[in-house]
2 protein chains.
Amino acid sequence: MTKTIENQSQTMLTRFKLRHTQGRIDILMLFNQFQFALSNADIEENIGAQYDRVTIYRTLKTFLDKGLIHKVLDDSGILKYALCSHDCHEEEGHHHHQHVHFKCIGCGQTNCLEHVEIPNLLLPEGYKAEEANLLISGTCKACNEKPKK
Amino acid sequence: MTKTIENQSQTMLTRFKLRHTQGRIDILMLFNQFQFALSNADIEENIGAQYDRVTIYRTLKTFLDKGLIHKVLDDSGILKYALCSHDCHEEEGHHHHQHVHFKCIGCGQTNCLEHVEIPNLLLPEGYKAEEANLLISGTCKACNEKPKK
DNA sequence: CTGTGTGCAAACACTTTGCAGGTGT
DNA sequence: ACACCTGCAAAGTGTTTGCACACAG
């Protein structure tokens with residue numbers, strides 16, 4: 001299982017023509033392992049090995065530039081990132097044009113809702129949409145099932 | 001006109017049971033004047049008088065708590081705020097449950113699209129939505145009409 | 001007069017940059 | 001061998017806190 005995640009991460013690095021370094025592999029594994037959006041701090045806390053904070057920043061920026069991950073909006077003002085989904089092609093910065101995320105106010109996790117589509121919205125005259133980013137807040141399945149006492 | 005905006009701001013302070021101080025009035029006037037989302041820094045730059053940066057932070061936090069303004073998501077990681085719309089009642093932190101904003105990649109302005117409704121989304125089993133925050137990026141009317149040379 | 005807002009200073013947190021040395025290919 | 005990653009230090013930027021004084025009600 002862990003092996004699978006590691007292979008998955010290795011494959012991604014190859015596919016995006018990035019050097020295979022331990023740091024990148026570990027960070028990618030984290031993204032593959034947790035399926036919700038992570039901030040720089042989240043990674044710092046959850047990663048097994050010790051990496052410099054700066055390295056994580058730079059790695060995330062690299063991944064972002066290359067299109068492995070995308071930004072996830074958050075109402076806390078802290079940027080989070082998540083893996084791009086499979087249909088998110090590496091067209092030089094032009095990703096999948098819509099992202100739907102769900103932030104649970106119970107556990108704080110932000111998940112990608114890949115199968116939820118944003119309907120076409122009626123924009124006012126003259127506006128042209130390029131990208132849509134929807135953040136839904138509420139309670140997730142797990143938190144609904146385990147009601148807080 | 002300016003007078004109207006000032007009166008408007010004064011009225012809001014009264015309505016939300018807040019003390020009328022010059023700083024609050026000036027900041028509210030700014031929100032009423034510009035109709036797009038403002039960050040702390042935006043306010044600092046655009047306000048006529050000189051206010052301490054800290055005062056602006058605290059004023060925004062007060063407005064947020066009282067429900068005069070709401071957070072606007074941004075992909076830059078900087079928090080912005082905008083006035084709550086008229087149907088956004090002061091039910092102690094429980095605002096209007098959905099916000100649609102449009103961020104222009106041309107001029108950088110973020111506007112509220114008050115008349116755009118987020119359709120009911122089909123969430124996966126077990127998820128319960130409380131609030132929805134949609135950020136659409138693209139080019140606004142003004143920027144479309146004045147094509148960049 | 002009393003409670004709250006404001007300014008100043010300082011602490012704190014987050015992010016970026018420069019450089020020297022180490023590592024992947 | 002070379003380009004590029006990484007760690008460390010330091011600077012830059014955004015945000016919060018403590019305290020004394022000023023001001024609105």
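Given the structure is predicted, the values throughout are model-derived calculations rather than measurements. When reading the values below, keep in mind they use all heavy atoms of this one structure, side chains included, and skip hydrogens, waters and symmetry mates. In the text below, chain A, chain B and the rest are named by the order of the sequence lines, each starting its count at 1.
- In this structure, the side chain of B/D42 engages the main chain of B/S39 through a donor-acceptor pair within 3.5 Å.
- Straight-line distance from the CG atom of A/L79 to the C1' atom of C/dC14: 11 Å, rounded to whole Å.
- At distances below 3.5 Å, at least one donor-acceptor pair connects side-chain atoms of B/R24 with backbone N or O atoms of B/R19.
- Rounded to whole Å, atom P of C/dT6 lies 10 Å from atom CD1 of B/I47.
- In the set C/dT15, C/dA9, C/dT6, C/dT15 carries the atom at the smallest distance from any side-chain atom of A/R53.
- Taking the 5' to 3' direction, DNA chain D first and last meets chain B under 4.0 angstrom from a heavy atom at D/dG14 to D/dG25.
- Backbone-only contact: B/R24 has heavy atoms under 4.0 Å from sugar-phosphate atoms and none from a base.
- Counting any heavy atom pair closer than 4.0 Å across all strands shown, B/K61 reaches sugar-phosphate atoms only and no base atom.
- Put simply, B/T59 has a side-chain N or O that comes within less than 4.0 Å of OP1 or OP2 on C/dT6.
- Ring geometry for A/F102 against B/Y127 counts as perpendicular: the plane angle is over 60°, on a 0 to 90° scale with 30° as the lower cut.
- Both A/R58 and B/Q22 sit near DNA chain C, but only B/Q22 has its closest nucleotide nearer the 5' end.
- Within the 4.5 Å cutoff, the side chain of A/Q8 has no heavy atoms near those of the A/M12 side chain.
- For the pair B/F16 CZ and C/dG5 P, the computed distance is 16 Å after rounding to whole Å.
- Minimum interatomic distance between A/L79 and A/K71 (heavy atoms only, all atoms of both residues): CD1-CE, 4.0 Å.
- For the pair A/L28 and A/F63, the minimum side-chain heavy-atom distance is below 4.5 Å.
- In this structure, the CD1 atom of A/I56 is 13 Å from the P atom of C/dT16, given to the nearest Å.
- A residue-by-residue look at A/V54 and B/T21 shows that A/V54 has its nearest nucleotide of DNA chain D further toward the 5' end.
- Going from atom CG of A/D74 over to atom P of C/dC14 covers 13 Å, rounded to whole Å.
- Residues A/N46 and A/L30 approach most closely at O-CD1, 3.9 Å, considering heavy atoms.
- With contacts defined as side-chain heavy-atom distances shorter than 4.5 Å, the pair B/L18/B/T62 qualifies.
- Atom CG of A/L13 and atom P of C/dG24 are 13 Å apart (whole Å).
- With A/K103 as the fixed residue, the side-chain hydrogen bond (donor to acceptor under 3.5 Å, both in side chains) test singles out one of A/N111, A/T110, A/D74: A/D74.
- Near DNA chain D, defined here as any heavy-atom distance below 4.0 Å, there are no residues from residues 37-45 of chain B.
- A/T62 comes within contact range of no nucleotide atom at all, as no heavy-atom separation falls under 4.0 Å.
- The distance from atom CG of A/D26 to atom P of C/dT23 is 15 Å, rounded to the nearest whole Å.
- The two residues B/L64 and B/H70 come nearest to each other via the heavy atoms CD1-CA, 3.9 Å.
- Summarising the geometry, the separation between CG on B/D65 and P on C/dG5 is reported as 11 Å, rounded to the nearest angstrom.
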